[in-house]
Amino acid sequence: MAEPAFHEDDDAHRRLEELGLSWADIEHALLAADREARLYTHLDPPNTPGIGRWGKTNRFLRERLMVRGWTYDNPRNLPRTIHPEGEFAIVATTGDECTGLRLPGMQPTTKYAKGPATAHLVERNERFVQPALFEEEVPGEEIGEALAEVTGPTGGEPHVVWLLLYNAMSAEIRSELSLPLSITSKGYVDSWSERILLPTLTGKDLGKEE
């Protein structure tokens, strides 16, 4: 498995700027969602905090970016936040324990298996990022049918989708904005073209008001 392109520290901030983003945008979404998730108690169903954090992270990211012309859609419950020029979208989702870390020979995966909508978009990423691997084109009708399952027949499909991976623990949140390149037969995204490693949010940040 090839190593992805890594962006860390100042280079990570530069790469975010190229994408029309800042660390402040992502930090805002992660912290606002964390405050919401901490309101749940043992009286809530066990999976409520995780689902709530996922939903709120996507919501707060959208609220932050829409004032700058970003848009959104939700094909088959896939919450995409779309760049103003429409070339790419972002989806926030939970990552595993490797999220936000640069570990020799290891790459993060999504914590939970993803469905057909994510699988189609990851495959689309691969076609845009590594077109030389697809010299034998899939018939246009097949591509259209696959994308219609995700977006409907309206067109205007973003070229690629980045995943905002986050791993939230009691004392810290690690995160990265990464470009997925493959997905396993069981639905776990497991390799990446680029990884933008973001600052770790620690206990002094969590739960504080802006």
Side-chain angles (χ1 to χ4, degrees), residues 7 12-41 44-45 47-95 99-100 108 110-112 114-115 117-118 121 125 150-152 154 156-170 172-180 189 194-210:
H7 305 282
H13 292 287
R14 177 195 60 78
R15 184 66 176 115
L16 289 177
E17 288 179 4
E18 291 177 351
L19 296 172
L21 296 163
S22 69
W23 165 235
D25 295 329
I26 297 172
E27 180 185 38
H28 166 79
L30 293 173
L31 288 178
D34 184 71
R35 288 193 295 271
E36 294 279 341
R38 291 173 184 270
L39 297 176
Y40 297 111
T41 74
D44 291 291
N47 61 348
T48 303
I51 293 175
R53 183 186 296 273
W54 167 75
K56 295 296 186 179
T57 301
N58 283 285
R59 170 191 158 178
F60 289 127
L61 183 65
R62 289 170 168 181
E63 288 181 349
R64 176 90 177 193
L65 297 178
M66 285 179 65
V67 298
R68 304 208 300 267
W70 291 64
T71 58
Y72 70 92
D73 64 7
N74 302 288
R76 300 186 75 179
N77 207 34
L78 189 69
R80 300 189 304 186
T81 303
I82 303 171
H83 186 270
E85 295 180 4
E87 293 189 358
F88 69 89
I90 299 170
V91 175
T93 192
T94 311
T99 296
T110 49
K111 185 174 182 179
Y112 303 108
K114 301 302 177 182
T118 301
L121 294 180
N125 277 13
V150 182
T151 62
T154 57
E157 178 67 14
H159 293 172
V160 295
V161 172
W162 292 74
L163 294 185
L164 172 57
L165 292 178
Y166 59 86
N167 185 280
M169 295 159 280
S170 59
E172 66 179 25
I173 301 174
R174 296 197 306 267
S175 63
E176 60 184 79
L177 183 65
S178 295
L179 187 61
V189 179
E194 287 188 62
R195 294 178 61 197
I196 305 172
L197 303 187
L198 302 171
T200 297
L201 295 168
T202 58
K204 62 182 178 62
D205 304 303
L206 305 183
K208 72 179 182 182
E209 296 293 331
E210 289 190 296

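For clarity, every value in this text was computed on a predicted model and none was experimentally measured.
- At least one donor-acceptor pair under 3.5 Å links the side chain of N125 to the backbone N or O of V161.
- Listed for the D25 side chain is a donor-acceptor partner under 3.5 Å among the backbone atoms of S22.
- L21 has its side chain within reach of L65: a pair of non-hydrogen atoms, C-beta onward, lies under 4.5 Å apart.
- Here the straight-line distance linking atom CE of M169 with atom OG1 of T99 works out to 8.5 Å at 0.5 Å rounding.
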*Check step by step if side-chain contact (heavy atoms from CB on, under 4.5 Å) holds for L201 and E27.*
CA-CA 8 Å; L201 295 168; E27 180 185 38; 3.8 Å; yes
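- Listed here is the closest heavy atom pair of A117 and P75: CB-O, 4.4 Å.
- Rounding to the nearest 0.5 Å gives a distance of 6.5 Å between OG of S178 and CG of L197.
- Atom CG of D34 sits about 4.0 Å away from atom CD1 of I173, to the nearest 0.5 Å.
- Ionic pairing of E18 and R15 is present here: one or more N-O contacts between side-chain nitrogen and carboxylate oxygen are shorter than 4.0 angstrom.
- When ring centroids are compared, W70 and F88 come within the 6.0 Å threshold.
- Nearest heavy atom pair, residue A37 against residue R53, reads CB-NH2, 3.6 Å.
- A donor-acceptor pair under 3.5 Å is absent between the side-chain atoms of R174 and the main chain of N167, judged by distance alone.
- To the nearest 0.5 Å, atom CG of residue N58 and atom CD1 of residue I90 are 10.0 Å apart.
- The shortest distance between side-chain heavy atoms of P108 and R195 falls below 4.5 Å.
- In terms of modelled atom types and a separation under 3.5 Å, the side chain of T118 and the main chain of K114 share no donor-acceptor contact.
- Taking both residues in full, the closest heavy atoms of A92 and T57 are given as CB-CG2, 3.7 Å, listed atom of the first, atom of the second, then distance.
- R68 places a side-chain N or O within donor-acceptor distance of the main-chain N or O of G20, the cut-off being under 3.5 Å.
- The line from CG of L61 to OG1 of T81 is 5.0 Å long, rounded to the nearest 0.5 Å.
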*Candidate pair S175 and L30, rule side-chain contact (heavy atoms from CB on, under 4.5 Å), full reasoning*: CA-CA 9 Å; S175 63; L30 293 173; 3.5 Å; yes
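- You'll find the side chain of Y72 stays beyond 4.5 Å of the side chain of I82, heavy atoms only.
- Closest of all the heavy-atom pairs between A32 and F60 is CB-CD1, 3.4 Å.
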_Criterion side-chain contact (heavy atoms from CB on, under 4.5 Å) on E194 and W162, from CA distance to verdict_ = CA-CA 9 Å; E194 287 188 62; W162 292 74; 3.8 Å; yes
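- You'll find the side chain of L16 reaches within 4.5 Å of the side chain of I26, heavy atoms only.
- Annotation: side chain of I196 is in contact with side chain of L19 (closest heavy-atom distance under 4.5 Å).
- Residue-environment remark: OH (Y40) exceeds the threshold of 12 foreign heavy atoms within 6.0 Å.
- R62 contributes a side-chain N or O that, together with a main-chain N or O of R80, makes up a donor-acceptor pair within less than 3.5 Å.
- From K56, atom NZ reaches atom CZ of R35 across 12.0 Å, with rounding to the nearest 0.5 Å.
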*Show the numbers, then the answer: is there a side-chain contact (heavy atoms from CB on, under 4.5 Å) between H13 and H7?*
CA-CA 8 Å; H13 292 287; H7 305 282; over 6 Å; no
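- Among all heavy-atom pairs drawn from R64 and A24, the shortest one is NH2-CB, 3.5 Å.
- Considering all non-hydrogen atoms of both residues, T93 and W54 come closest at CA-CD1, 4.1 Å.
- At a threshold of 4.5 Å between non-hydrogen side-chain atoms, the residues T94 and L165 do not count as touching.
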